[in-house]
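The structure under discussion appears below in the form of structure tokens.
Order of the sequence lines fixes the chain letters, A, B, ..., with proteins taken first and strands second; residue numbering starts at 1 for each chain. Quick note: numbers below take in every heavy atom, side chains included, and nothing from hydrogens, waters or symmetry partners.
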2 protein chains.
Amino acid sequence: MPPTSETLTAERILEATEEVLRRHGPAKATVVDVARALGVSHGSVYRHFRTKAALRDAVTKKWLDRTFDSLSGIVAADDLDPEARLRAWFTGLFAAKRRKAGDEPELFATFSVLATENGEAVGQHIADLTGQLTRIVQAGVDAGTFTCADPATTARALFHATGRFHDPGYAREWEQPGVEGELEAVVDLLVRGLRARD
Amino acid sequence: MPPTSETLTAERILEATEEVLRRHGPAKATVVDVARALGVSHGSVYRHFRTKAALRDAVTKKWLDRTFDSLSGIVAADDLDPEARLRAWFTGLFAAKRRKAGDEPELFATFSVLATENGEAVGQHIADLTGQLTRIVQAGVDAGTFTCADPATTARALFHATGRFHDPGYAREWEQPGVEGELEAVVDLLVRGLRARD
DNA sequence: CAGCTGACAGATTTCAATATCTGTCATTCC
DNA sequence: GGAATGACAGATATTGAAATCTGTCAGCTG
């Protein structure tokens, strides 16, 4: 069963939209382009997505979820102590973001404009990520290696403090030579701040 | 001696430029406007500043230096222990940036575009600020309340970790209700990370 | 009749002609 | 003679008309 001339589903529209965005970038991609790529009229696309923004949001959500999923293994890694998990998580997040910025610049640009507009998908993504962080912090508290008043608040603080290494606004600086060391310096400080005393 | 019809100095040009920027904003301010405000031809302005970018840089530098100066009192405050100095410094920097963003939106916008372009003045400003941070961290190490491998590296990490609260790209979020608390949560973590054990 | 179409109004974008600006420099003015 | 001027070339910004796009919907189609 070839995907062409199959019934039009939200999923097929998302795939086509991602392809169009990848080719044209967020500024030039139109829903007419998407419809053309699918061989349907643009009115049909509006049957599945209320607005262009909703479509862009849905594509971005799928794309961001892939990053989220790739980190979930670290959160659940019982063979690593919480501190190692935390370090691996930050390193993994940074690597994932940097890779996306480099390999899929057009989709990354889409994500960036959505981020500056506080799009729904990005808000959810941030909530997802801080949720993962909360679980790691909680694990550390349970194990007695971390101390903190409220894991969720601490998770947000950790996320804010490392913004330079995952916020799309800083993407340009991720290619500079010393960045890995800068991330490590920040994470070192934060981990020390989390550790329980004696 | 009224400032008008006095000889044309770099200082007078800077004042006029700041005024023009304040009124028109960075996008619409031209060196012709500056010259008109001074009652001279624009060629004369070029005698004192090689390019428009140099002029904009100089105005921004003056403006940023005022923030720097307002913080120097905290760095030298011997009545405060290093930890209190660090907290006061971050609070002060955040308050200063937020006030500028709110009270002088046009000049702040000038600063923002310069920041994204890695302008000379901004680079110097960051170096100045991390220099102040280094002095505070060093004071803490000397007093035995802080531990760290290298104060300058740690100062940079502290600066990066608090970017959300001084980087102009985040200015929009500085008006949201919970920000003060978010800054405090981050600084709490960082200060804990700096503290010497037992 | 559920899903798709294509014509449509209003909003947005493109494009090219026009106007303004930047930076230089030969000349003028005190 | 050192400082200021203003005309100038090339770069950049503005503008308004034309083209395209978004989102809707009455009607077609299988």
Under 4.0 angstrom between B:Ser41 side-chain N/O and D:dT5 OP1 or OP2: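 Checking D:dT5 against B:Ser41, a side-chain N or O does come within under 4.0 Å of OP1 or OP2.
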
Under-4.0 Å side-chain N/O to phosphate OP1/OP2 contact, B:Ser44 with D:dA3: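 Answer no for this pair, as no side-chain N or O of B:Ser44 is under 4.0 Å from OP1 or OP2.
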
Summary of protein contacts for nucleotides 20-30 of chain D, nucleotide by nucleotide, where a base hit scores B, a sugar-phosphate-only hit scores S (4.0 Å, heavy atoms): -SBBB------

Heavy-atom closest pair, residues B:Leu114 and B:Ala121: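 Reported closest heavy-atom pair: CD2-CB, 4.3 Å.
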
Heavy-atom closest contact (A:Phe49 atom, A:Ile13 atom, distance):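 Shortest heavy-atom separation between A:Phe49 and A:Ile13 comes out as CE1-CG2, 3.7 Å.
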
Residue pairs involving residues 108-117 of chain B (criterion side chain to side chain donor-acceptor pair (under 3.5 Å); sequence neighbours excluded):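 Passing the test, one end in residues 108-117 of chain B: B:Arg56-B:Glu117.
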
Contact list for DNA chain D against residues 16-23 of chain B - heavy-atom distance below 4.0 Å: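 Close to the strand, none.
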
Salt-bridge present (A:Glu106, A:Lys28; N to O < 4.0 Å):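 No.
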
A:Val40 reachable from A:Val59 in the ILVMFWY side-chain graph, under 4.5 Å edges: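 Yes.
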
Parallel, tilted or perpendicular, as decided by the 30° and 60° cut-offs, for the rings of B:Tyr170 and A:Tyr170: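 It falls in the tilted class, 30° to 60°.
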
Counterpart residues, side-chain contact (heavy atoms from CB on, under 4.5 Å), relative to A:Thr145 (two or more places apart):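 Partners of A:Thr145 by the side-chain contact (heavy atoms from CB on, under 4.5 Å) criterion, ordered by chain and then number, come out as A:Pro82, A:Ala143.
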
Flag side-chain contact, heavy atom, 4.5 Å: A:Val75 against A:Leu133: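 No. Closest side-chain heavy atoms not under 4.5 Å.
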
Separation of atom CG in B:Leu8 from atom C1' in D:dG2, rounded to whole Å: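 B:Leu8 atom CG is separated from D:dG2 atom C1' by 14 Å.
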
Spacing between B:Leu38 atom CG and D:dA4 atom P, to the nearest angstrom: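 Rounded to the whole Å, the gap is 11 Å.
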
Using the 3.5 Å cut-off, write out each protein N or O paired with an N or O of nucleotides 15-19 of chain C and the distance between them.
none

Exercise: do A:Trp63 and A:Glu18 side chains pair donor with acceptor under 3.5 Å: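 A:Trp63 vs A:Glu18: no donor-acceptor pair found between side chains.
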
Pairs touching residues 148-157 of chain A that satisfy salt bridge (Lys or Arg N to Asp or Glu O under 4.0 Å), sequence neighbours left out: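 Listed by first then second residue: A:Arg156-B:Glu182.
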
